[in-house]
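Below is one structure, written out as structure tokens; the observations come after it.
Here the structure is a predicted model, which is why all the values come from computation and not from measurement. When a ligand or atom number is given, it counts from 1 through the structure's own listing order.
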Amino acid sequence: MAALYNNGLNGNPHFLVEGGRPLRGVFKVPGAKNAALPIIAGTILAPGRLTLGRVPDISDVRVMLELLNHMGAEIELDDNGILSIDTTALKSVPAPYSLVKKLNASFDITGALVARFGEAMVPMPGGCVIGTRAVDQHLMGFRLLGCDVRSEPGGFVAVKASGLVGNRIRFAKTSVGATKNVMMAACMARGRTVLENVAREPEVVDLANFLAACGASINGQGSSRIEISGVRGMSGAGVRYNIISDRLVAGTYLLAAAITRGEITATGVEPEHLKAFIRKLRKTGQDLTVGEDFIHLRGVSPILSAGAVIAEPYPAFPTDLQPPMVAYLSLAQGVSYVKEKIFDMRFNYVDDLRRMGANIEVDSNTAVVRGVERLMGAPIDAPDIRAGAALVLAALAAEGTSQVHGLHFIDRGYEKMEERLSALGASIRRVAGDADRH
Ligand code: EPZ
């Protein structure tokens with residue numbers, strides 16, 4: 001059968017998926033990638049040995065830890081997601097491009113470095129397939145706190161301040177990254193800082209709560225206005241902090257159960273963080289039981305149209321569940337309209353779904369998804385983390401065999417995805433693939 005896929009794609013590691021098997025069982029939701037990354041950056045502000053619980057075992061976290069280790073942090077990560085870290089010996093050395101290019105979120109160390117050391121030299125984040133990753137709001141916030149910001153040769157940006165001073169900062173655009181970065185820069189600025197039009201995502205709230213546990217004075221996290229009173233110093237000594245669960249991984253696995261007409265219980269989840277998503281899943285006919293820290297889904301046929309799904313800032317439907325939702329809706333009865341209002345190129349995976357038989361038309365930032373009876377397995381290629389998850393979901397529901405390439409993206413955001421899915425009854429395995437063709 002493998003010969004059928006001799007399309008040049010099979011020269012690298014991929015998932016081999018046999019579709020049509022309903023997922024059943026219990027899935028323990030890991031810690032949130034988008035909280036763990038800024039919180040690890042936030043340890044730069046708080047010297048002293050601290051412990052973080054529920055750190056997800058994903059490559060993005062490993063890159064961020066490698067970056068901090070390169071700068072002098074002492075790090076121990078055990079097999080249970082317990083991270084012990086001490087940034088006492090950290091130095092503000094230029095972040096190596098080889099690491100930053102792998103991880104846009106590594107730009108989030110800038111605010112913490114300039115707060116602790118008065119300077120940071122960080123490569124500008126690379127672009128990525130879901131759209132330009134502008135940082136103008138980050139830099140605007142740093143300038144208003146008294147930083148001198150200038151471009152340096154080699155695509156670096158130097159942020160320097162002889163002393164950060166609190167200010168009123170209104171973001172022109174709601175940005176998760178800018179909110180996190182500028183909030184960290186303001187923690188030890190002299191006086192009071194008011195941030196307006198900030199991101200309200202649970203991961204931003206988690207970062208603020210972690211910083212407060214290390215001595216920062218922050219109020220308003222979760223609303224669109226955060227107030228910070230600068231403190232003279234922060235310390236991580238003896239701090240133990242558990243990272244929130246990953247609402248995006250939880251949503252992905254619930255959709256995997258729904259698309260395969262299975263039945264799973266996602267445990268260790270915070271349903272409060274998924275209200276818009278749960279509403280939409282119920283609208284498509286799924287039978288959901290929501291407890292305090294679990295969500296049980298019993299897959300129901302047929303999948304009904306979701307009507308309009310609009311991906312926009314929290315607490316609306318999350319952009320990171322847009323691709324898996326489109327894969328799920330491709331098997332719905334009727335038409336769904338999925339609008340992406342955050343990133344400008346986030347339908348890059350639709351071509352591969354079409355090759356599997358989906359009927360999806362993309363017009364600027366809206367995908368018109370006309371449900372079809374079935375999808376057919378095919379060789380497919382993940383262009384980013386959440387698109388990769390979408391393609392895996394389609395492969396799980398398709399008739400026949402699929403090869404899913406682009407595992408380096410999937411591994412950035414999903415812990416051992418093939419093991420977790422196999423434990424729920426999926427037929428999926430990681431295949432090394434023969435040597436790369438030249
Ligand atoms: C975070 O990215 C998440 N990543 C993304 O998750 C998520 O999709 C995104 O927030 C939106 O929720 C992490 O937390 C590590 P933004 P971030 O700054 O911070 C524009 C995943 O798969 N913008 O809110 O980069 C920007 O270009 C990833 O887990 C500016 O114009 O998102 C984008 O179009 C994908 N100027 C939009 O705002 C700026 O200064 C949202 O960006 C900053 C952003």
Side-chain angles (χ1 to χ4, degrees), residues 30-42 56 58-61 63-64 67 100 102-111 124-144 149 157 159 169-185 195 197-207 224 243-244 246-252 273 276-277 310-324 340-346 348-349 365 382-390 406 409-415:
K33 165 176 88 79
N34 294 346
L37 293 174
I39 285 173
I40 291 168
I58 51 178
S59 57
D60 268 9
V61 164
V63 171
M64 182 63 97
L67 183 55
V100 170
K102 291 184 205 169
L103 178 61
N104 280 312
S106 51
F107 194 71
D108 289 352
I109 65 172
T110 311
M124 289 289 277
C128 75
V129 287
I130 57 176
T132 50
R133 302 305 280 268
V135 289
D136 56 294
Q137 299 299 306
H138 300 238
L139 303 183
M140 178 271 291
F142 295 150
R143 286 193 177 97
L144 286 175
V149 176
V157 63
V159 183
I169 298 167
R170 178 170 184 73
F171 290 108
K173 168 171 208 165
T174 306
S175 157
V176 171
T179 303
K180 297 172 181 173
N181 226 343
V182 177
M183 180 164 67
M184 286 191 267
L195 303 179
N197 192 25
V198 298
R200 300 168 54 191
E201 272 68 2
E203 297 77 22
V204 170
V205 174
D206 207 29
L207 170 62
S224 54
I243 288 162
I244 55 169
D246 196 316
R247 62 195 168 105
L248 307 169
V249 171
T252 301
H273 296 163
F277 169 75
I310 304 175
E312 44 191 350
Y314 192 86
F317 190 95
T319 176
D320 294 335
L321 285 175
Q322 175 264 92
E340 169 61 55
K341 294 182 78 171
I342 294 191
F343 288 106
D344 47 17
M345 290 191 290
R346 200 162 204 179
N348 44 31
Y349 58 92
N365 69 346
D384 71 70
I385 303 176
R386 309 300 171 182
F409 284 116
I410 293 171
D411 292 339
R412 286 186 46 195
Y414 293 92
E415 276 183 357

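- By heavy-atom distance, the residue among N181, T319, D320 lying nearest atom 5 (C) of ligand 1 is D320.
- Ring geometry, Y314 versus H273: the interplanar angle exceeds 60°, so the pair is classed perpendicular (tilted spans 30 to 60°).
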Determine whether D136 and R143 satisfy the following criterion, salt bridge (charged side-chain N to carboxylate O under 4.0 Å, His left out), listing intermediate values before the conclusion. CA-CA 11 Å; D136 56 294; R143 286 193 177 97; over 6 Å; no
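- With hydrogens and angles ignored, the 3.5 Å screen pairs a side-chain donor or acceptor of N181 with a backbone N or O of G111.
- Compare F171, F409, F343 by their heavy atoms: the one nearest to atom 33 (C) of ligand 1 is in F343.
- Comment: D206 does not engage K180 in a salt bridge, judged by the lack of any side-chain N to carboxylate O separation of less than 4.0 angstrom.
- Counting atoms of ligand 1 from 1 in the listed order, those under 4.0 Å from a heavy atom of G177 are 18 (O), 19 (O).
- A donor-acceptor pair is defined here as one N or O able to donate and one able to accept, closer than 3.5 Å; no such pair exists between the side chain of N197 and the backbone of R170.
- Close to ligand 1: R346, with a non-hydrogen atom less than 4.0 angstrom away.
- R412 pairs in a side-chain contact (heavy atoms from CB on, under 4.5 Å) with only one of the listed residues (I385, V61, V63, I58), which is I385.
- Ligand 1 has no atom lying under 4.0 Å from any heavy atom of E203.
- Both the backbone and the side chain of S175 come within 4.0 Å of ligand 1, counting heavy atoms alone.
- Considering backbone and side-chain atoms alike, A105 places every N or O at 3.5 Å or more from each N or O of ligand 1.
- Where the criterion is an N or O separation shorter than 3.5 Å, residue side chain and backbone included, K180 meets it with respect to ligand 1.
- Checking only distances, I342 does come within under 3.5 Å of ligand 1, N or O to N or O.
- Between V176 and ligand 1, at least one N/O pair is under 3.5 Å apart.
- Side-chain atoms of H138 and T110, non-hydrogen and from C-beta on, never get closer than 4.5 Å to each other.
- Atoms of ligand 1 lying under 4.0 Å from at least one heavy atom of K33, given by number and element, are 21 (C), 29 (O).
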side-chain contact (heavy atoms from CB on, under 4.5 Å) assessment of R386 paired with Y414: CA-CA 9 Å; R386 309 300 171 182; Y414 293 92; 3.0 Å; yes
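- For ligand 1, the atoms closer than 4.0 angstrom to any heavy atom of H138 are 40 (O).
- Residue Q137 touches ligand 1 through backbone and side chain together, judged by heavy-atom distances below 4.0 Å.
- Remark: side-chain polar atoms of D246 are paired, donor with acceptor, to backbone N or O of K33 under 3.5 angstrom.
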